[in-house]
K.L.:
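One structure follows; several queries about it will come next.
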Amino acid sequence: MSETSIAATPRILAYGPQPEGLGARERDVNVEFVGSSRELFERLTERPVHLVICLHAPPAFEGIEAVKGIRRFDATVPVVLASRVQNTMLSLQAIQSQVTWSVGLAGDESAEEALSDLVVDASEWLEKQAA
């Protein structure tokens with residue numbers, strides 16, 4: 001693969017647990033899961049990111065705090081906040097943190113599975129944008 005095509009490959013950072021079997025499908029999008037905000041911030045500085053997906057599932061994954069940190073590194077990268085909690089307080093915090101989109105996760109499956117579904121959908125969307 002040429003360096004040009006590597007640089008052009010869309011990149012998603014997902015802050016949350018990596019679901020089993022997600023990497024099995026060949027895709028034209030580079031998806032990287034990170035398990036801590038520290039690792040997320042380190043990866044943000046490595047090379048350009050096209051989309052960040054943050055799981056908000058306290059106490060393990062503090063999505064709102066992660067978004068605040070992301071905005072210190074990059075004010076323009078689109079950020080999706082994914083949570084099962086959908087209430088006024090979380091919505092206000094998301095707006096204040098400059099979340100691009102806030103999405104509700106399905107309550108009938110584990111957070112890992114719901115996050116996996118969201119990452120797959122986002123990857124497919126980015127593939128279409130890059131085509």
K.L.:
Would you name the heavy atoms of Gly16 and Phe33 that are closest together and state the gap between them?
P.N.:
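The pair with the smallest heavy-atom distance is O-CD2, 3.7 Å.
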K.L.:
I'd like to check Ile95 versus Val99 (side-chain heavy atoms, cut-off strictly below 4.5 Å). Are they in contact?
P.N.:
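No - every pair of side-chain heavy atoms lies 4.5 Å or more apart.
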K.L.:
Please tell me if the side chains of Leu44 and Val49 come closer than 4.5 Å, counting only heavy atoms from C-beta onward.
P.N.:
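SC-SC contact between Leu44 and Val49 confirmed.
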K.L.:
What I want to find out is whether Arg38 reaches Glu42 closely enough, with some N-O distance under 4.0 Å, to be called a salt bridge.
P.N.:
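Yes, charged N to carboxylate O under 4.0 Å.
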K.L.:
For the atom pair CD1 (Ile53) and CG (Leu81), what is the distance rounded to the nearest 0.5 Å?
P.N.:
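Reported value, rounded in 0.5 Å steps: 11.0 Å.
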K.L.:
Rounded to the nearest 0.5 Å, how far apart are CD of Gln129 and CG of Leu51?
P.N.:
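Interatomic distance, Gln129 CD to Leu51 CG, rounded to 0.5 Å: 11.0 Å.
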K.L.:
How far apart are the closest heavy atoms of Phe41 and Ala66, and which atoms are they?
P.N.:
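That closest heavy-atom pairing would be CE2-O, 3.7 Å.
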K.L.:
Are the side chains of Asn30 and Pro10 in contact, using a 4.5 Å heavy-atom criterion?
P.N.:
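No. Closest side-chain heavy atoms not under 4.5 Å.
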K.L.:
I'd like to check the side-chain hydrogen bond (donor to acceptor under 3.5 Å, both in side chains) partners of Arg11; sequence neighbours left out, ordered by chain and number.
P.N.:
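Result, side-chain hydrogen bond (donor to acceptor under 3.5 Å, both in side chains) vs Arg11: Glu32.
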K.L.:
With rounding to the nearest 0.5 angstrom, report the CG to CD1 distance, Leu118 to Ile12.
P.N.:
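Separation between the atoms: 8.5 Å.
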K.L.:
Begin from the C-alpha positions of Cys54 and Val80 and carry the test side chain to side chain contact (heavy atoms under 4.5 Å, CB included) through to its verdict.
P.N.:
CA-CA 6 Å; Cys54 290; Val80 176; over 6 Å; no
K.L.:
Work out which heavy atom in Val67 is nearest to a heavy atom in Ser97; give both atom names and the distance.
P.N.:
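Shortest heavy-atom contact: CG1-O, 3.2 Å.
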K.L.:
CG of Leu40 to CD1 of Ile70: how many Å apart, nearest 0.5 Å?
P.N.:
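Separation between the atoms: 4.5 Å.
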K.L.:
For residues Pro17 and Phe61, determine if any side-chain heavy atom of one lies less than 4.5 Å from a side-chain heavy atom of the other.
P.N.:
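In short, these two side chains touch, coming nearer than 4.5 Å.
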K.L.:
With rounding to the nearest 0.5 Å, note down the distance linking CG in Asp28 to NZ in Lys128.
P.N.:
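Taking CG in Asp28 and NZ in Lys128, the distance rounds to 13.0 Å.
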K.L.:
Output yes when a side-chain donor or acceptor of Gln86 lies under 3.5 Å from a complementary backbone atom of Ser83, and no otherwise.
P.N.:
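Checking the backbone N and O of Ser83 against the side chain of Gln86, a donor-acceptor pair under 3.5 Å is found.
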K.L.:
Is any side-chain heavy atom of Ile64 less than 4.5 Å from a side-chain heavy atom of Leu90?
P.N.:
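Side chain of Ile64 against side chain of Leu90, heavy atoms only: contact under 4.5 Å found.
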K.L.:
May I ask you to decide if Val119's main-chain N or O and Ser123's side chain share a donor-acceptor pair within less than 3.5 Å?
P.N.:
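Looks like yes, one N/O pair under 3.5 Å.
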K.L.:
Distance check, rounded to the nearest 0.5 Å: Arg43 atom CZ versus Phe73 atom CZ?
P.N.:
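Separation between the atoms: 13.5 Å.
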K.L.:
For residues 60-73, pull every pair meeting salt bridge (Lys or Arg N to Asp or Glu O under 4.0 Å), keeping only residues two or more places apart or in separate chains.
P.N.:
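Sorted result for residues 60-73: Glu65-Lys68.
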